[in-house]
**Student:** 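To start, I am sharing the structure in question, which I have written as structure tokens.
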Amino acid sequence: MTEKKQLTEPTHEEQPQRGEMASVYNPSQVEQKWYTYWEENDYFHQEVRTEAEAFSIVMPPPNVTGSLHLGHAMDNTLQDILTRFKRMQGLNTLWLPGTDHAGIATQAKVEEQLALEGKSKHDLGRAGFLERVWSWKAQYGGQITRQLRRLGASCDWRYERFTMDEGCSRAVREVFVQLYRKQLIYRGNYIINWCPKCLTTISDIEVEHEEREGQLFYLRYPVKDSEEYITVATTRPETMLGDTAVAVHPQDERYAHLIGKTLILPLIGREIPILADDYVDKDFGTGAVKITPAHDPNDYEMGLRHDLTAITVLDQEARLNENAGVYQGMERYEARRRIIEDLKERGLWLKTEDHRHAVGECYRCSTVIEPRISRQWFVKMKPLAEPAMQVVREGRIEFSPERFSKIYLTWLENIRDWCISRQLWWGHRIPVWYCQDCGAEICAQEDPDRCPSCASARLEQDPDVLDTWFSSGLWPFSTLGWPEKTPELQQFYPTSVLVTGRDIIFFWVARMIFMALEFQKEPPFRKVMIHGLILDSLGRKMSKSLGNGVDPLEVIDQYGADALRFMLVTGNTPGNDVRFHPERLEAARNFANKIWNASRFVILNVQDMEDDGQPSLSAETLPLEDRWILSRFSAACQEITRGLENYDLGEAGRWLYEFIWNEFCDWYIELAKIRLYDKEQPTAKKGAQAVLLKVLEGTLRLLHPFMPFISEEIWSHLPGRRTSLMLESWPREDCRDQTSEKEMAILMEVVKAIRNIRAEMHIAPGKKTDIIVRAADGETQRVLEKGARAITHLAGGATLEVQRELANKPVQAASAVLPLAEIYLPLKGLLDIEKEIARMEKDLAQMRQEEQRLSGKLDNESFIGKAPAEVVAKEKKKMEDVRSRQEALQARLEQLRE
RNA sequence: GGAGGCAUAGCUCAGCUGGUUAGAGCGCUCGCUUCACAUGCGAGAGGUCGUAGGUUCGAGUCCUACUGUCUCUACCA
């Protein structure tokens, strides 16, 4: 690739200083240093490794003029997560960043700047103006890429591209020329969307339709040589000056006798025909339509059908022109008022009704679009759209969520030719020259010196530039060096996935697909991951006019990039919009802090570990809690990997959260403390340390794609020599242990039940109590005996006595009945019998309800007959449990009542 | 006019291919300065899963209609 920076041997900067591990995590102190470390060590860059599986993403190029908003933040977080994940999995990874020259937006910015100096672009001339834009770009264009760094984006900046850089521009020319030669690009005089403020054409999708309260004016046109009138209804009376016909429906009896007659166009006096056309809706207005081929797309079509002349009455700035008689020079709405007034005077106005209708506006400046006939360049869409639909129908490109493929397909099915010329200076200039001598039209990759027909040197290039989306459409391959066959193109094309918002499917996704199919004969990506929008807390779009936007940089300053990232990609399902709630950001920050403190705990407690013999973590030698957490870690690993592979990052994130907080912190760390603080059993301590460290280490790997900064920071504090977490491998654990999970579940249930009793009985947290448990079976008894220490530790127990049968059940005790155990906390004289009875009865009532539900099923013969045997067995087992608990509860109640 | 999303605890949302006692976070109540963390710990309250039908042994989960809501799309002057 020509523009790639020279490869330099990474210098391997020393890792940043480890900060103190304070008890509150402070993101702003660590994020910057890690990004710098990664970037300076070139960790985002990978050489092409043809032997390795490739994973590549091209970043949707933000506008150079832009600054990061939450939409970018989400979009790029998703891409970063996928990229970091695949990189850790060992794939040959490329995430290619870049920016878009954004024709209208950028030109407008610079023009604004010039205006402050009291100048216009014409004062500088085209070349001078472009120079000015380039220098503006040099000065301000880097803002958004700097902001992406704050987010933690691990894109390969060596490959950073710009839609107007040399390589991309060459691709643009190549594509234009080839399409031109295949006659898929043509020039012609057609009706187009014109923005009277931006003074350029815009494409159909750049017109936004806004429903507005408007008016419908009823105008009377006199029939020539007759006393009759035809009344037409119009929302735009000012265009009547350009009317060249009035149309009615062929089957409309009201007007049948007038078809073929002539009307005198009021105010102008032009004679225009009355004609019949199916397009006319009999039931709308009066059933008669004024036809203005020069200023309405439908009228234009009708004009073609009936061979009408098109009379342009509006100029480029939407003022009435020389064809408008006395109205010449008026602004369009002023003319509208005047025309109505004048018609009123002449008795040719019938009425005006309120009428709600959609008005086309410029997506940039919201000015009402003026359709006009103009000579422009177009891409012929039908032949290109066909294969683009095909690849999606055949599943060679998959949308995720799938429903977006429908949106994509229906759009392409109704596609019209794409107007690509823009009357701007900033952009890719159309590579077509006109010979001033012989009139030849020359389209070429290289600027021609002479006319190939007459050898004249008097060539003038077409003044227009291309729609910005023309170059964006080539992005997946223009950035990889095409038209050259670079190693990058071969390795990384087609790209793996395209991540973007659903608002951009037509503008960009569709165009990339048909361009790629035309020029690469292969889809540009295998998968399109569509995400929703970020809405404010009330569910409204964030917009400048509402002032409800949130600046991601401020969020990062306040909560940290990791918290922002986590908040953006969790708590919703793919494709759905996300509401921005500060509370969710706090939750994400708290999560980061939780991770920080759990890690701090582990790190502080493994400091005295010997480097040499790592205790083996295999199998039976480990106590239950170790086997349990390793199994749970394994489950987390599998689920998080699965979530990431299915592009369901919300699901993966939820697993991370739950595993770390509810399993590792709430249970395992608490249990590990028993051994860590037990000075009598150094060997046991070592085991706990080893497991803590192993699980923490693995968890940091799983966490890293989501929260790269904090995970890297913690990683650097782990014992042993470490380079960077982002270069570590993705954990692949496959050691689920159902037995330990089942056993642990029993212990957890017992602990919770005891805690519940203690809370309800208002036993002071510091007060230890004796615990007596009756196990339902020998197996449970064994588990509880082995877990005695765990139970007393976690549930504030002084002693724990496990019995198979209780010879004399303690009466003065609070109790709970679980499926596999009965629990008694002897409370000598403190027990409130009434309260205890109430608790038991509450439980019993629940059991009875459950029994009813189950018997409803089990008494149903068709359930027994038709449901799968295992489902039936499961329900029967539940019933047994419920019944035995009921019996135990009843026995207990009787005892209490004695 | 078409098309689609959403409707589940006070709020914001999970609930994958139909079988869990329907979950989480925030908020709320009660109790805790327990030696990783009060950005925390423990315990709890809170839901006829929008409405009406249907399929099924079984529906928050599938089908139909309706209601509400948001969005995209369309050349009805």
Side-chain angles (χ1 to χ4, degrees), chain A residues 21 23-25 209 216 232-236 247 279-281 283-286 288-292 296-301 355 357-358 371 401 403-404 406-407 410-411 414 502-503 505-506 532-533 535 537 539-541 559 563 570-573 575-579 581 583-584 586-605 642 646 648 650-651 654 657-658 662 665-666 669-670 673 677 752 755-760 762-766 794-796 846-847 849-850 853 856-857 860-868 870-872 874-875 878 882:
Chain A
M21 289 197 88
S23 65
V24 172
Y25 174 60
H209 296 273
L216 190 61
V232 296
T234 179
T235 53
R236 308 197 49 202
Y279 156 76
V280 181
D281 179 355
D283 301 324
F284 187 90
T286 59
V289 196
K290 61 186 270 309
I291 304 298
T292 323
D296 182 281
N298 303 306
D299 294 7
Y300 175 80
E301 293 293 325
H355 178 59
H357 65 129
R403 64 173 184 271
F404 290 107
K406 253 178 277 170
I407 294 176
T410 46
W411 185 71
N414 303 308
R502 59 148 185 269
D503 49 335
I505 294 175
F506 307 144
L533 270 43
L535 308 175
S537 58
R540 303 172 303 181
K541 267 192 198 175
Y559 296 92
T570 53
N572 82 324
T573 29
N576 287 343
D577 294 343
V578 185
R579 287 196 198 195
H581 280 105
E583 301 81 42
R584 290 200 51 226
E586 271 173 43
R589 180 205 54 191
N590 295 352
F591 179 46
N593 197 52
K594 185 75 181 176
I595 295 164
W596 178 252
N597 278 294
S599 305
R600 209 159 60 92
F601 172 82
V602 173
I603 289 161
L604 287 171
N605 283 287
R642 198 165 64 104
N646 294 337
D648 193 348
E651 176 77 3
R654 188 165 50 247
Y657 188 94
E658 281 172 10
N662 304 337
C665 292
D666 286 351
I669 285 184
E670 293 309 320
K673 284 176 181 172
Y677 299 154
K752 281 185 194 169
R755 284 170 171 173
N756 178 302
I757 294 171
R758 290 177 56 105
E760 287 194 9
H762 297 294
I763 298 173
L794 293 175
Q846 211 177 28
M847 285 307 109
Q849 209 181 8
E850 180 67 3
R853 196 185 63 84
K857 276 189 173 180
N860 184 341
E861 278 179 32
S862 44
F863 172 74
I864 304 288
K866 292 188 181 176
E870 54 187 66
V871 173
V872 176
K874 213 167 139 190
E875 296 300 303
K878 277 188 213 162
V882 165

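Every chain is numbered from 1, with letters handed out A, B, ... down the list of sequences. It should be emphasised that the depicted structure is a prediction, and the values quoted were computed from it without experimental measurement.
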**Student:** Indicate, with a heavy-atom threshold strictly under 4.0 Å, whether A/N576 touches base, sugar-phosphate, or nothing.
**Tutor:** sugar-phosphate
**Student:** Pick base, sugar-phosphate or nothing for A/G865, based on heavy-atom distances below 4.0 Å to the nucleic acid.
**Tutor:** nothing
**Student:** What's the CG-P distance between A/D648 and B/rU17, to the nearest Å?
**Tutor:** 12 Å
**Student:** Of all the choices, B/rA36, B/rU21, B/rG44, which nucleotide is nearest to the side chain of A/N756 once you look at every atom?
**Tutor:** B/rG44
**Student:** So, does A/N593 use its side chain to make a donor-acceptor pair with the main chain of A/R589 at under 3.5 Å?
**Tutor:** no
**Student:** Work out how far the P atom of B/rG50 is from that of B/rC13, and round it to whole angstrom.
**Tutor:** 15 Å
**Student:** Would you mind telling me which of B/rU12, B/rA14, B/rA36 lies closest to the side-chain atoms of A/H581?
**Tutor:** B/rU12
**Student:** Which nucleotide in the list B/rG19, B/rG42, B/rA36 gets nearest to the side chain of A/V871?
**Tutor:** B/rG19
**Student:** If a protein heavy atom is under 4.0 Å from the base, mark B; if only from the sugar-phosphate, S; if neither, -; do that for nucleotides 67-77 of chain B going 5' to 3'.
**Tutor:** -----SSSBBB
**Student:** Show the distances under 3.5 angstrom between N or O atoms of the protein and N or O atoms of nucleotides 23-28 of chain B.
**Tutor:**
none

**Student:** Which nucleotide sits closest to the side chain of A/R589: B/rA36, B/rA43, B/rU39?
**Tutor:** B/rU39
**Student:** Counting just side-chain N and O atoms, does A/K594 come under 4.0 Å of either OP1 or OP2 of B/rC41?
**Tutor:** yes
**Student:** Requiring both pairing distances under 3.5 angstrom, list the stems that contain RNA chain B and are made of three or more consecutive Watson-Crick or G-U pairs.
**Tutor:** B:1-7 with B:67-73, B:10-13 with B:23-26, B:28-32 with B:40-44, B:50-54 with B:62-66
**Student:** For A/E870, report the nucleic acid contact type (base, sugar-phosphate, nothing); a contact means any heavy atom under 4.0 Å.
**Tutor:** nothing
**Student:** Take atom NZ of A/K878 and atom C1' of B/rG19, then tell me their distance rounded to the nearest Å.
**Tutor:** 7 Å
**Student:** Which nucleotide wins on minimum distance to the side chain of A/R853, given the candidates B/rU21, B/rA36, B/rA14?
**Tutor:** B/rU21
**Student:** Can you give me the N/O atom pairs linking the protein to nucleotides 53-58 of chain B at distances under 3.5 Å, or say none if there are none?
**Tutor:**
| residue | atom | partner | partner atom | Å |
| --- | --- | --- | --- | --- |
| B/rC57 | OP1 | A/K866 | NZ | 2.5 |
| B/rC57 | O4' | A/S862 | O | 3.4 |
| B/rC57 | O4' | A/S862 | OG | 3.4 |
| B/rC57 | O2' | A/N860 | ND2 | 3.1 |

**Student:** Please state whether the phosphate of B/rA14, meaning OP1 or OP2, lies under 4.0 angstrom from any side-chain nitrogen or oxygen of A/T573.
**Tutor:** yes
**Student:** So, using side chain to side chain contact (heavy atoms under 4.5 Å, CB included) as the criterion, who are the partners of A/R654 when residues are at least two apart?
**Tutor:** A/E651, A/E658
**Student:** Who are the salt bridge (charged side-chain N to carboxylate O under 4.0 Å, His left out) partners of A/K673, not counting sequence neighbours?
**Tutor:** A/E670
